[in-house]
Colleague: 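First the structure, which I've put down as structure tokens, then a few questions once you've had a look.
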Amino acid sequence: MRFDLKTVTAACALLIVTTTGGLAADVKIHRVSIQVDQNDPAIMNLALNNASNIMETFKEKGEEVEIELVTYGPGLNMLRDDTSPVKDRLKQIAELSFPAKIKFSACNITKRGMEKREGHPIPIVAEASLVPSGAVRLMELQESGWSYLKP
């Protein structure tokens, strides 16, 4: 039986695609969103403890994890650069998270409301990013299959 170069190349490409696809399917990435909607350092510290414990557990298991901590309403105060009582801890967790991925999301609707009431811009910690709506962000994450925690 004789094979030409095109047939061998096609067969090799098919083998690589099917083998790689099978390996990628075996890797499960754990994903969890954590809601913080209260201006309470104890609640925020509980959320950060949850995040730290989750990261450590999956690190020990050699498994990947992504965490998104979403703040809105009074909880946005925890991500304010000017008043956050947990600012140093946020920075520490972000720096030590590898290989896990942690993201802090701040509700822009809440931020704009605070700015209107207070009459000045509200600074957000460098570790956080704005999302249009904290509540909508949580919905989107859950609809994408993310687990959900509320401390």
Side-chain angles (χ1 to χ4, degrees), residues 12-151:
C12 288
L14 182 60
L15 181 63
I16 290 170
V17 169
T18 55
T19 303
T20 305
L23 293 175
D26 294 335
V27 175
K28 176 168 177 54
I29 300 174
H30 305 277
R31 294 180 173 98
V32 64
S33 61
I34 303 175
Q35 174 183 330
V36 176
D37 62 358
Q38 297 178 50
N39 184 13
D40 184 344
I43 297 292
M44 184 61 165
N45 276 307
L46 179 57
L48 294 172
N49 289 345
N50 291 162
S52 294
N53 292 339
I54 290 167
M55 288 187 292
E56 187 61 32
T57 298
F58 285 113
K59 182 178 182 179
E60 288 172 3
K61 294 171 93 174
E63 297 178 19
E64 292 184 52
V65 66
E66 295 178 10
I67 300 168
E68 186 163 339
L69 198 145
V70 181
T71 64
Y72 64 92
L76 183 67
N77 287 294
M78 298 296 113
L79 297 184
R80 283 183 65 154
D81 195 45
D82 57 345
T83 62
S84 174
V86 295
K87 184 167 49 172
D88 292 338
R89 187 149 186 233
L90 294 170
K91 184 176 182 175
Q92 178 188 31
I93 287 175
E95 289 173 352
L96 298 175
S97 65
F98 186 81
K101 295 177 184 143
I102 189 162
K103 180 178 179 181
F104 301 102
S105 295
C107 176
N108 197 36
I109 292 173
T110 301
K111 181 179 179 286
R112 287 193 318 250
M114 286 178 169
E115 290 172 338
K116 186 175 181 180
R117 281 188 303 281
E118 296 182 27
H120 60 85
I122 301 296
I124 302 298
V125 296
E127 294 77 24
S129 58
L130 286 174
V131 294
S133 165
V136 170
R137 181 65 184 152
L138 286 167
M139 290 173 59
E140 292 170 342
L141 291 170
Q142 288 180 36
E143 290 168 353
S144 296
W146 286 55
S147 299
Y148 166 82
L149 290 178
K150 183 177 189 311

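Small disclaimer: the values here were computed from a predicted structure and weren't measured.
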Colleague: Please check this pair: side chain of S97 against backbone of A94, looking for a donor-acceptor N/O pair closer than 3.5 Å.
Modeller: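 Confirmed, S97 side chain pairs with A94 backbone.
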Colleague: Quick one, M114 with N77, criterion side chain to side chain contact (heavy atoms under 4.5 Å, CB included). Give me CA distance, side-chain angles, the key distance, then yes/no.
Modeller: CA-CA 10 Å; M114 286 178 169; N77 287 294; 3.6 Å; yes
Colleague: How about NZ on K150, more than 12 heavy atoms from neighbouring residues, nucleotides or ligands closer than 6.0 Å, or not?
Modeller: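 Counting other residues, nucleotides and ligands, NZ of K150 exceeds 12 neighbours.
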Colleague: From H30 NE2 over to E64 CD, what is the distance, rounded to the nearest 0.5 angstrom?
Modeller: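 Going from the NE2 atom of H30 to the CD atom of E64 covers 9.0 Å.
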Colleague: To the nearest 0.5 Å, how far apart are CG in L79 and CE in M44?
Modeller: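 Nearest 0.5 Å value for the CG-CE distance: 5.0 Å.
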Colleague: Atom CG in N45, atom CZ in R89: separation rounded to 0.5 Å?
Modeller: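 Reported value, rounded in 0.5 Å steps: 5.0 Å.
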Colleague: Evaluate the side chain to side chain contact (heavy atoms under 4.5 Å, CB included) criterion for residues I43 and D37: first the C-alpha distance (whole Å), next the side-chain angles of each, then the deciding distance (0.1 Å), finally the verdict.
Modeller: CA-CA 9 Å; I43 297 292; D37 62 358; over 6 Å; no
Colleague: Rounded at 0.5 Å granularity, tell me how far CE in M55 sits from CG in N50.
Modeller: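 Taking CE in M55 and CG in N50, the distance rounds to 10.5 Å.
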Colleague: Drop me the distance from R117's CZ to I122's CD1, to the nearest 0.5 angstrom.
Modeller: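 Reported to 0.5 Å precision, the distance equals 8.5 Å.
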Colleague: Report yes if the side chains of L48 and L90 come closer than 4.5 Å at any heavy-atom pair, otherwise no.
Modeller: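 Yes, side chains in contact.
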Colleague: Just verifying a value: how many Å separate R112 CZ and L130 CG, rounded to the nearest 0.5 Å?
Modeller: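 The CG atom of L130 is 9.5 Å from CZ of R112, to the nearest 0.5 Å.
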Colleague: Quick check: closest heavy atoms across A135 and Y72, and the distance to 0.1 Å?
Modeller: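 Between these two residues, the closest heavy atoms are N-CD2, 4.1 Å.
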Colleague: With a 4.5 Å heavy-atom cut-off, do N39 and M78 have their side chains touching?
Modeller: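 A side-chain contact exists here, since the closest heavy-atom pair is under 4.5 Å.
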Colleague: Quickly, which of L141, V70, L138 forms a side chain to side chain contact (heavy atoms under 4.5 Å, CB included) with Q35? Name it, please.
Modeller: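 Exactly one option meets the side chain to side chain contact (heavy atoms under 4.5 Å, CB included) with Q35, and it is L138.
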Colleague: Is there side-chain contact between Q38 and P74, with heavy atoms separated by less than 4.5 Å?
Modeller: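 Heavy-atom side-chain distance check fails, nothing below 4.5 Å.
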Colleague: If the threshold is 4.0 Å, N to carboxylate O, is there a salt bridge linking E140 and R137?
Modeller: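 Looking at R137 together with E140, the answer is yes, because their closest N to O distance falls below 4.0 Å.
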